[in-house]
Amino acid sequence: MTDLNHPIFARFYPRLDAASAKAGGDAHRAELLTGASGRVLEVGAGYGANFAHYPPEVTEVVAVEPEPRLRAKAGRLAGRAPVPVTVRPGVAEDLDLDDASFDVAVASLVLCSVRDPVRVLAELRRVLRPGGELRYYEHVRGRTPGKVRFQRYADVVWPFFAAGCHVSRPTDEWIARSGFTVRDERRFEFPASGGNPASPHVIGIAIRD
């Protein structure tokens, strides 16, 4: 299966993300991709919000997106990207890509919504060359008991409105236990008020062991 249909989410997400970009999301995406180089795999590319931020040292981006409406939007943005971008269907749990064939893998606000994040991380590790980088920008489980409790309550309904997104996943911990060595990592609240269950975020770079 290469398509996951979320028509309502696909319609509204670009508009919601545009507001997030103005509030600081664009700066986070730029931070995520600064210094990336070589051949890059981006999973869950959405409508292509990261494409404009790839630096010229990137020789190629293969962008995988399972939602057909978002994939179509990404295809249009790919033509305006500063580096070569190919958009293709696929699910991150089962990548039709060769072992050790990428220098960088990018997971940006996607590990919260995949069906099996541990399997996705194993696939990303498989397609990265030894010493390759996993660059991740995700919202993650909070650090206080009150926040975690709030997130667990939110996860009862949140995935139904946000294309399977779960706000309470300890994604940063899973990365560190999945054959990667975390090199750089920054945790922060976005939005800063913290009243959103998805506000705990992390940006990081992990190296494939």
Side-chain angles (χ1 to χ4, degrees), residues 1-6 9-10 13 17 25 28-29 32-33 40-47 49-50 62-67 70-71 74 88-97 99 102 104-128 132-143 147-188 190 196-209:
M1 179 180 63
T2 57
D3 278 355
L4 296 175
N5 286 284
H6 298 290
F9 177 80
Y13 177 66
D17 190 62
H28 299 156
R29 294 180 188 277
L32 171 72
L33 298 174
V40 177
L41 167 67
E42 181 176 343
V43 292
Y47 70 97
N50 283 330
V62 176
V64 176
E65 172 52 50
E67 211 295 321
L70 291 175
R71 189 168 65 242
R88 57 186 288 178
V91 292
E93 290 90 343
D94 188 16
L95 296 169
D96 184 20
L97 298 165
D99 295 358
F102 290 89
V104 177
V106 173
S108 176
L109 303 176
V110 65
L111 295 175
C112 57
S113 59
V114 296
R115 295 180 178 180
D116 188 342
V118 173
R119 181 173 173 180
V120 170
L121 289 168
E123 277 289 88
L124 294 177
R125 185 180 184 279
R126 179 183 66 80
V127 301
L128 277 172
E133 296 179 342
L134 170 61
R135 290 174 173 252
Y136 53 99
Y137 167 37
E138 298 285 341
H139 56 77
V140 293
R141 180 181 294 174
R143 286 185 164 177
K147 188 70 170 188
V148 172
R149 186 164 54 249
F150 179 32
Q151 290 177 315
R152 286 175 176 165
Y153 287 139
D155 267 347
V156 175
V157 296
W158 192 276
F160 295 100
F161 297 100
C165 171
H166 296 76
V167 297
S168 64
R169 287 181 172 176
T171 300
D172 49 341
E173 297 176 17
W174 289 339
I175 290 170
R177 296 199 301 262
S178 297
F180 293 95
T181 298
V182 175
R183 189 180 75 192
D184 298 295
E185 189 173 83
R186 180 172 77 88
R187 290 184 65 107
F188 56 99
F190 180 66
N196 186 320
S199 63
H201 281 66
V202 64
I203 290 178
I205 300 174
I207 307 302
R208 181 202 187 279
D209 295 342

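- Judged purely by distance below 3.5 Å, without hydrogens or angles, the side chains of Y47 and E65 never pair a donor atom with an acceptor atom.
- A163 pairs by the side chain to side chain contact (heavy atoms under 4.5 Å, CB included) definition with H6, F9, not counting sequence neighbours.
- Remark: R186 pairs with E31 by the side chain to side chain donor-acceptor pair (under 3.5 Å) rule, at least two apart or across chains.
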N/O donor-acceptor pairs under 3.5 Å from side chains in residues 89-96, not counting sequence neighbours:
residue: E93; atom: OE2; partner: R115; partner atom: N; Å: 2.9
residue: E93; atom: OE2; partner: D116; partner atom: N; Å: 3.1

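- When all heavy atoms of A154 and P159 are compared, the closest pair comes out as O-CD, 4.3 Å.
- A heavy-atom distance below 4.5 Å is found between the side chains of R169 and P117.
- Nearest heavy atoms, A198 versus V167: CB-CG1, 3.8 Å.
- With rounding to the nearest 0.5 Å, the separation of CZ in F150 from OG in S199 is 8.0 Å.
- Distance check: L109 CG to C165 SG gives 8.5 Å after rounding to the nearest 0.5 Å.
- Applying the salt bridge (charged side-chain N to carboxylate O under 4.0 Å, His left out) test to residues at least two apart or on different chains, the pairs with a partner in residues 132-142 are E133-R135, E133-R183.
- Once rounded to the nearest 0.5 Å, the distance linking CZ of R125 with CZ of R208 reads 4.0 Å.
- Contact record, G142 with Q151: N-OE1, 2.8 Å, taken as the closest heavy-atom pair.
- The closest donor-acceptor contact from the side chain of D155 to the backbone of S168 lies under 3.5 Å.
- Nearest heavy-atom pair, P197 versus W158, reported as atom, atom and distance to 0.1 Å: CG-CZ3, 3.3 Å.
- Considering only residues two or more places apart in sequence or on other chains, H28 meets the ring pair (Phe, Tyr, Trp, His ring centres under 6.0 Å) condition with Y137, F188, F190.
- Counting only heavy atoms from C-beta outward, the side chains of V202 and E185 approach each other to under 4.5 Å.
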*Step by step, work out the side-chain contact (heavy atoms from CB on, under 4.5 Å) result for V64 and E42.*
CA-CA 6 Å; V64 176; E42 181 176 343; over 6 Å; no
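- Using a 4.5 Å heavy-atom threshold, the side chains of R143 and V148 count as separate.
- When the salt bridge (charged side-chain N to carboxylate O under 4.0 Å, His left out) test is applied to R187, the partners found at least two apart in sequence or on another chain are D172.
- Of all heavy-atom pairs spanning L124 and A105, the tightest one is CD2-CB, 4.1 Å.
- Shown here are the side chain to side chain donor-acceptor pair (under 3.5 Å) partners of S108, two or more places apart in sequence or in another chain: R29, N50.
- The side chain to side chain donor-acceptor pair (under 3.5 Å) test applied to R126 returns D99, E123, not counting sequence neighbours.
- Of all the heavy atoms in V104 and V106, the pair that sits closest is CG1-CG2, 4.1 Å.
- Within the 4.5 Å cutoff, side-chain heavy atoms of L121 are placed close to those of L134.
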*In sequence, state the C-alpha distance, the side-chain angles, and the governing distance for V127 and L41, and then conclude on side-chain contact (heavy atoms from CB on, under 4.5 Å).*
CA-CA 9 Å; V127 301; L41 167 67; 3.6 Å; yes
Counting only pairs under 3.5 Å, give me each side-chain donor-acceptor contact of residues 173-182, with atom names and distances, residues two or more places apart or in other chains.
residue: S178; atom: OG; partner: W174; partner atom: O; Å: 2.5
residue: T181; atom: OG1; partner: D209; partner atom: OD1; Å: 2.6

